Number of protein chains: 6
Amino acid sequence: MGRRVAVYRSAHFNAAHRLNVPQWSEEENQKFFGLCNNRNYHGHNYDIVVRVEGEVDEVTGYLIDMKVLKDIMENEIIEAFDHKNLNLDVDDFKELNPTAENIVWVCWKKIKQKLDPKLDLSVRLYETPRNFVEFNG
Amino acid sequence: MGRRVAVYRSAHFNAAHRLNVPQWSEEENQKFFGLCNNRNYHGHNYDIVVRVEGEVDEVTGYLIDMKVLKDIMENEIIEAFDHKNLNLDVDDFKELNPTAENIVWVCWKKIKQKLDPKLDLSVRLYETPRNFVEFNG
Amino acid sequence: MGRRVAVYRSAHFNAAHRLNVPQWSEEENQKFFGLCNNRNYHGHNYDIVVRVEGEVDEVTGYLIDMKVLKDIMENEIIEAFDHKNLNLDVDDFKELNPTAENIVWVCWKKIKQKLDPKLDLSVRLYETPRNFVEFNG
Amino acid sequence: MGRRVAVYRSAHFNAAHRLNVPQWSEEENQKFFGLCNNRNYHGHNYDIVVRVEGEVDEVTGYLIDMKVLKDIMENEIIEAFDHKNLNLDVDDFKELNPTAENIVWVCWKKIKQKLDPKLDLSVRLYETPRNFVEFNG
Amino acid sequence: MGRRVAVYRSAHFNAAHRLNVPQWSEEENQKFFGLCNNRNYHGHNYDIVVRVEGEVDEVTGYLIDMKVLKDIMENEIIEAFDHKNLNLDVDDFKELNPTAENIVWVCWKKIKQKLDPKLDLSVRLYETPRNFVEFNG
Amino acid sequence: MGRRVAVYRSAHFNAAHRLNVPQWSEEENQKFFGLCNNRNYHGHNYDIVVRVEGEVDEVTGYLIDMKVLKDIMENEIIEAFDHKNLNLDVDDFKELNPTAENIVWVCWKKIKQKLDPKLDLSVRLYETPRNFVEFNG
């Protein structure tokens, strides 16, 4: 088996969201989610860091062409989420609460289906520089 | 005259906003503000850095007690803007487009009125790590 | 089994310390620990990043309420270490050399006992932006 | 007159300190300086950024050789303050409270006397990434 | 006169360069520029931060459309310098030593000629996170 | 078995490189590597973060003396790569394309042979803050 390496690439998008569980009452939501439940939304500069692991190509010395990975991130994530309201503008969150835990899962699925299946994928999402999440599949 | 020094302190808030000029048509707004005009809002992690300049107190070696400055920023800025929709939840932007240039001006005025008038004030606001603005009064 | 995710949260504290092995002579300590052995102490801005892993709650989309995690870190770590002399003011280091390797272990134990036992815990501690350590239990 | 430019260079040191005014009572000091008055000291990773402004040399394209500036910072600041207790180990603070405002002033004086007098000097000192000060002479 | 504000925008480019004064001997260059004189070049990730100051437009709340500023930076700087050898590939440095002091001056001139003359321009260039320069015109 | 911990330390070097596969035609290289194939080279500020894992020494509280790790990184990596042209000045890349994936592998091997074999080693290399790679052996 060849030499395994991981490559990482980051991108960013700005979006509005609110946290809310539709089957709960307004009081339950406010108590549980606090300020994040604001019905008029708040927002973040999200930073996404994608990790792809696999065997290096011995001729090129590449695991994956970073331009290919950049384009996948641009088309699947930035195009879909940047300058959007996650609750109102993005179908993935019509029935899924846009917590960081759920956003990173949606990002992982969108990127995974465009990647060579031989490659392992992990995605980290920074909601703020102090709060972030990671999903490894 | 005593020795002059500047002290800086930073804080952060997360907010939603959209850019829009009410007296313009929807088409004019979309053309001019692009993605930032999204009627459903988008959002940012705003970082604010306050600069206060004046003469150091010779006994304490302080220009201003950082806890005092922190409390002013907490009460005037974070309390007012954090987890808010700037267009809908904040009176200052009812008739003022919440561009970074206007937000930093509003921040400056809110902090200025709580500061000792002998102190010079400058405020920098990061809308993203790549885009930021500064107002010196 | 449900979908597993990791969430991270950071905090910071400022503390003084010195590295010293009591059963060694002063010469041995100075030779081994160098500047870090300064009998009058030196100090750091410590940054701690806590990683909690487990299954996401399907209703809320949360692994753990970040406010709960923030409070644990505040009560167990910041309250105990911030603006303290680790050697003199903190019982955990009365007989334990406050190296980064030992501090991160103490932090891990303090947080672990307050966490739901179903959750996996990892703690990273930055002594400086260039030197940091990690303990996974 | 030639073309003016400013060059900046950063360095860092780790030190312990406490804030205290000797002519005040213990109660007055504790009330005024709070946690920063801890008699056992606390500490910081200080970052210093030096700004030197003047006319570029037309032959070399240098304002000042960065290695020269680096050596001045190393000899005057890092050598004097790194891994030290500012109150106990540094003569400059024997009778001067080591607030950030006073430390940056001492740094400015130490560097100024080693610089070509034609060059303007400004010094910024980060006590934490959130609290910093600046002295321009 | 209207309200004045400054807006900043950053971008980055990767380039190779060497420092060398053609009218000097090889020995003089090696002695003066040290490692930076390596005849085979070395390189940097340059970060450029542009500061534009002027009066805010009262209708839009913009000083300058950030997309306009971004395009100027893209066309004048990134297009010209990214993934280039500054000494060999860029006409501006055919007879000008590509020190940070000279690069920032060239950047300033390229941007200045594309900006509305009413606007004040300042450019900061980071050669590394520790070494940077600024030119204000 | 003793308590396991990981320590990390970072360093940085500035270098020029180009990506090129000698057995390919010029057209194939330009098509595949794009701007990175520039025959006159481009460059980066590389940041390397070394992770060493093993059992903490119960007496000293150290996994490894950071000064020892710093010296290994200085001697094996910085000395070899800083202010160099990776393709022309470094033997390791005479026949190996200096992609980030290959550079991190070379760094890993150079450090591994100087480390106590009981210690596990992982190396991360940042080519830019947005693109980085990791090799775990």
Side-chain angles (χ1 to χ4, degrees), chain A residues 10 17-25 27-38 42 44 46-51 86-87 90 92-109 112 120-137, chain C residues 1-14 45-78 81-82 107 111 115-116 118-126 128-129 132 134-137:
Chain A
S10 67
H17 79 150
R18 72 179 295 219
L19 301 185
N20 193 63
V21 172
Q23 58 266 41
W24 288 0
S25 72
E27 290 70 29
E28 287 174 307
N29 273 300
Q30 286 205 349
K31 187 172 174 205
F32 191 80
F33 292 113
L35 291 174
C36 299
N37 182 242
N38 177 6
H42 64 286
H44 296 289
Y46 290 93
D47 275 308
I48 178 171
V49 183
V50 169
R51 181 189 195 273
L86 299 181
N87 304 68
V90 182
D92 303 273
F93 301 109
K94 287 294 189 229
E95 303 190 350
L96 184 70
N97 198 15
T99 60
E101 291 92 326
N102 282 337
I103 302 172
V104 75
W105 176 47
V106 168
C107 289
W108 187 92
K109 290 188 294 182
K112 183 64 179 171
D120 291 332
L121 175 67
S122 175
V123 180
R124 183 180 283 195
L125 183 79
Y126 289 80
E127 197 166 82
T128 74
R130 293 156 295 283
N131 283 358
F132 48 106
V133 297
E134 202 172 71
F135 184 67
N136 302 311
Chain C
M1 197 181 75
R3 177 165 44 93
R4 289 183 76 80
V5 71
V7 302
Y8 297 74
R9 183 162 178 92
S10 66
H12 45 84
F13 59 93
N14 311 317
N45 303 328
Y46 290 94
D47 274 308
I48 179 172
V49 182
V50 169
R51 180 189 195 273
V52 175
E53 188 185 319
E55 292 183 29
V56 174
D57 182 285
E58 293 207 6
V59 175
T60 61
Y62 268 11
L63 171 66
I64 181 176
D65 186 339
M66 278 294 198
K67 290 187 298 292
V68 171
L69 184 54
K70 183 183 177 184
D71 287 347
I72 293 174
M73 294 169 71
E74 186 70 29
N75 295 334
E76 298 299 313
I77 308 298
I78 308 310
F81 296 165
D82 190 35
C107 290
I111 297 169
L115 267 192
D116 184 331
K118 287 182 307 187
L119 298 171
D120 291 332
L121 174 66
S122 175
V123 180
R124 183 180 281 197
L125 182 79
Y126 289 81
T128 74
F132 49 106
E134 202 173 71
F135 184 67
N136 303 311

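Each chain gets a letter, A, B and so on, in the order the sequences are listed, and its residues count up from 1. Bear in mind the structure is a predicted one, so any value in this text is a computation, not a measurement.
Ring geometry for C:Y62 versus A:F33: interplanar angle over 60°, hence perpendicular rather than tilted (30 to 60°).
The candidate from A:N20, A:T128, A:V21 with the greatest count of non-hydrogen atom pairs under 4.5 Å with chain C is A:V21.
Residue A:E95 places its CD atom among 12 or fewer non-hydrogen atoms of other residues, nucleotides or ligands, all under 6.0 Å distant. The number of heavy atoms from other shown groups lying within 6.0 Å of CD (C:E58) does not exceed 12. For A:K109, the NZ atom is densely surrounded, since the number of other residues' heavy atoms within 6.0 Å is greater than 12. Environment of NZ in C:K118: sparse, with no more than 12 heavy atoms of neighbouring residues, nucleotides or ligands closer than 6.0 Å.
Contacts of A:N97 with chain C are made by side-chain atoms alone, with heavy-atom separations under 4.5 Å and no backbone atom involved. With a 4.5 angstrom heavy-atom cutoff, A:Y126 does not touch chain C via any of its atoms. Proximity to chain C (any heavy atom under 4.5 Å) is shown, for A:N29, by neither the backbone nor the side chain. Only the side chain of C:K67 has a heavy atom closer than 4.5 Å to any heavy atom of chain A. Residue A:L125 does not touch chain C at all, counting heavy-atom pairs closer than 4.5 Å. In this structure, no portion of C:D47 lies under 4.5 Å from any heavy atom of chain A. Within the 4.5 angstrom heavy-atom criterion, no atom of C:V52 approaches chain A.
Minimum interatomic distance between A:E101 and C:V56 (heavy atoms only, all atoms of both residues): CB-CG2, 4.1 Å. Heavy-atom minimum distance, A:P129 versus C:S10: O-OG, 4.2 Å. Across all their heavy atoms, A:T99 and C:T60 have their closest contact at CG2-O, 3.5 Å. Between C:R3 and A:F135, the closest heavy-atom pair is CG-CE1, 3.4 Å. Scanning all heavy atoms of the two residues, the minimum distance from C:Y8 to A:E134 falls at OH-OE1, 3.0 Å.
Taken to the nearest 0.5 Å, the CZ atom of C:R4 stands 15.5 Å off from the CH2 atom of A:W105.
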